[in-house]
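Ligands are counted one by one from 1 in listed order, and the atoms in each one are counted from 1 as well.
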Amino acid sequence: MSFPKNFYWGGALAANQCEGAYNEGGRGLIMSDVSTAGAKDRLRSITYIDPATQQIKRGPIFHKIPKGCHGIVLEDEYYPNHVAIDFYHRYKEDIRLLAELGINMLRISISWARIFPKGDELTPNQEGLNFYHKVFEELHYYGIEPLVTIVHNEIPLYLEETYGGWQNRKVIECFDRYCETIFKEYKGVVKYWLTINEINQLLLVFDFMDKNVSSGLYQNSFQQLHHQFVASSHAVKKAHEIDPNNQVGCMLCGVTSYPFTCDPKDIEANQHYWQKVIYYCSDVMCRGEYPYYAQRLWKQYDVQLEISEQDKKDLKEGTVDFYSFSYYATSCTTTHQDASKANGHFALGAKNPYLDYTDWGSATDAQGLRYFMNEIYGRYQLPLMIVENGLGTSDQCIDGKIHDDYRIQYHKQHLQAMSKAIEDGVELIAYNPWGIIDLISASTGEMAKRYGFIYVDRDNEGNGTLDRICKDSYYWYQTIIKNNGNE
Ligand code: BG6
């Protein structure tokens with residue numbers, strides 16, 4: 001396999017899924033702190049209180065806490081992210097293991113609520129800033145380049161409850177302050193940044209969301225997304241202004257879709273899928289303006305978007321330097337009602353009869369990765385980074401060993417697809433497998449859905465020593481890195 005010289009062989013983590021220490025270091029609450037554990041077939045719920053009635057309620061994740069209510073931590077409830085894998089206290093040991101693995105990049109995220117606990121303060125929390133200084137120092141000690149996500153599925157809960165989150169333009173101001181703070185603080189320490197994790201998540205799920213739970217869903221989602229685009233463009237501009245060496249990328253969920261049949265209606269539906277859930281976001285972030293088909297989408301969903309002239313200018317001036325994405329599963333789009341449905345990892349369309357599905361419902365499709373890379377590179381000609389990819393499945397730890405040849409197989413096939421895309425002429429600069437250390441699943445809150453090359457001794461109920469054990473895949477990836485892609 002051929003990979004470029006100076007290729008980044010990395011791994012990826014996210015603050016709320018690995019750090020734990022949810023109430024230490026002055027950190028404010030975030031949504032995952034009030035999200036319970038779910039299961040393979042049951043999504044997590046959010047616990048909140050209605051102050052008017054003092055009633056404790058539960059709502060589905062991916063939905064907002066109703067206006068006037070507050071997220072609440074219940075004493076008799078288990079919240080997996082509170083401890084997560086305790087990276088906050090164990091980062092030294094973790095980074096040492098990752099250094100021995102041989103990676104030269106680590107994607108982490110900064111928890112906004114560690115820096116600005118409520119989100120709208122004027123001065124940052126020094127303890128939070130210090131924590132990431134220590135993490136970056138440790139990474140640099142081993143020659144590992146940090147890749148930092150500014151917002152990975154979390155904003156301070158206070159901003160959600162007080163301002164309605166991204167729906168409110170005021171949050172852009174708070175985000176701007178947060179960005180300026182971290183860009184100045186970590187100048188010369190962090191060079192690679194991602195603005196908002198899987199910014200297209202909203203569009204991926206909204207046809208499947210309960211419209212009764214979220215009134216004004218479409219209008220709010222598109223407006224919210226617009227605010228995120230504007231915020232992201234500000235971040236790009238500010239990052240470049242503070243340090244011209246900074247490189248900032250967009251981050252999308254790369255859920256590839258194929259037409260389910262050759263019925264022209266399916267072909268058209270599939271084209272519309274790509275426009276809605278992939279290109280709508282990346283056209284704005286890479287090209288700096290809304291694409292022509294945005295008009296059709298806004299009409300279809302009866303959306304009146306508020307866009308100022310200044311917003312348009314900012315979007316134009318704040319286009320990203322590279323394109324990053326996650327890649328887990330593919331799906332099919334169809335107008336045929338009889339097709340059976342898939343439900344793994346945002347791939348919510350029809351089930352593909354040519355692919356195998358994991359226990360958590362994701363289609364394993366390495367070939368689709370080459371397809372996706374060609375599509376995206378062909379459209380934008382920007383360098384690509386894969387910042388998430390992996391097999392979420394259960395592992396058996398027997399006599400202190402984890403023989404995860406299925407995971408090796410998965411990554412091997414994806415590396416082959418990447419290598420072919422590189423031969424096709426695609427410029428790929430990094431590969432960061434997801435959950436390089438086992439962590440809390442974002443969708444189900446489980447530990448059992450493991451992605452890592454490093455095992456963490458913890459179960460779905462929070463039992464276990466939290467000890468780290470290197471899986472067979474760890475030693476395999478070590479060899480791959482040593483030989484720049486070859487076994
Ligand atoms: C991506 C997210 O959607 O998928 C991660 O960026 C998440 O935060 C990952 O963990 C895997 O999904 P899950 O639900 O298996 O954790």
Which protein N or O atoms sit under 3.5 Å from any N or O of ligand 1? Give each pair with its distance.
residue: ligand 1; atom: 3 (O); partner: E198; partner atom: OE1; Å: 2.5
residue: ligand 1; atom: 3 (O); partner: E198; partner atom: OE2; Å: 3.0
residue: ligand 1; atom: 3 (O); partner: H345; partner atom: NE2; Å: 3.2
residue: ligand 1; atom: 4 (O); partner: H345; partner atom: NE2; Å: 3.1
residue: ligand 1; atom: 4 (O); partner: E388; partner atom: OE1; Å: 3.3
residue: ligand 1; atom: 6 (O); partner: H152; partner atom: NE2; Å: 3.3
residue: ligand 1; atom: 6 (O); partner: N197; partner atom: ND2; Å: 2.8
residue: ligand 1; atom: 6 (O); partner: E388; partner atom: OE1; Å: 3.2
residue: ligand 1; atom: 6 (O); partner: E388; partner atom: OE2; Å: 2.7
residue: ligand 1; atom: 8 (O); partner: Q17; partner atom: OE1; Å: 2.7
residue: ligand 1; atom: 8 (O); partner: H152; partner atom: NE2; Å: 2.8
residue: ligand 1; atom: 10 (O); partner: Q17; partner atom: NE2; Å: 2.8
residue: ligand 1; atom: 10 (O); partner: W434; partner atom: NE1; Å: 3.3
residue: ligand 1; atom: 14 (O); partner: S441; partner atom: OG; Å: 3.3
residue: ligand 1; atom: 14 (O); partner: S443; partner atom: N; Å: 2.9
residue: ligand 1; atom: 14 (O); partner: S443; partner atom: OG; Å: 2.5
residue: ligand 1; atom: 15 (O); partner: K449; partner atom: NZ; Å: 2.8
residue: ligand 1; atom: 15 (O); partner: Y451; partner atom: OH; Å: 2.5
residue: ligand 1; atom: 16 (O); partner: S441; partner atom: OG; Å: 3.3
residue: ligand 1; atom: 16 (O); partner: A442; partner atom: N; Å: 2.7

Next on the checklist: Ignoring hydrogens and geometry beyond distance, is a side-chain donor-acceptor pair present between Y290 and H226 at under 3.5 Å?
Outcome noted: yes
Next on the checklist: Taking the ring centre of each residue, are Y474 and W476 less than 6.0 Å apart?
Outcome noted: no
Next on the checklist: If you apply the rule side chain to side chain donor-acceptor pair (under 3.5 Å), what do you find for T444 with S441, and how did you get there?
Outcome noted: CA-CA 6 Å; T444 68; S441 156; 3.1 Å; yes
Next on the checklist: Below 30° counts as parallel, above 60° as perpendicular, anything between as tilted: where do the rings of F136 and Y132 land?
Outcome noted: tilted
Item to check | Residue pair Y410, T393: steps toward the side chain to side chain contact (heavy atoms under 4.5 Å, CB included) verdict | outcome: CA-CA 11 Å; Y410 177 98; T393 195; over 6 Å; no
Next on the checklist: Please determine whether a side-chain nitrogen of the Lys or Arg among K471 and D395 lies less than 4.0 Å from a carboxylate oxygen of the Asp or Glu.
Outcome noted: yes
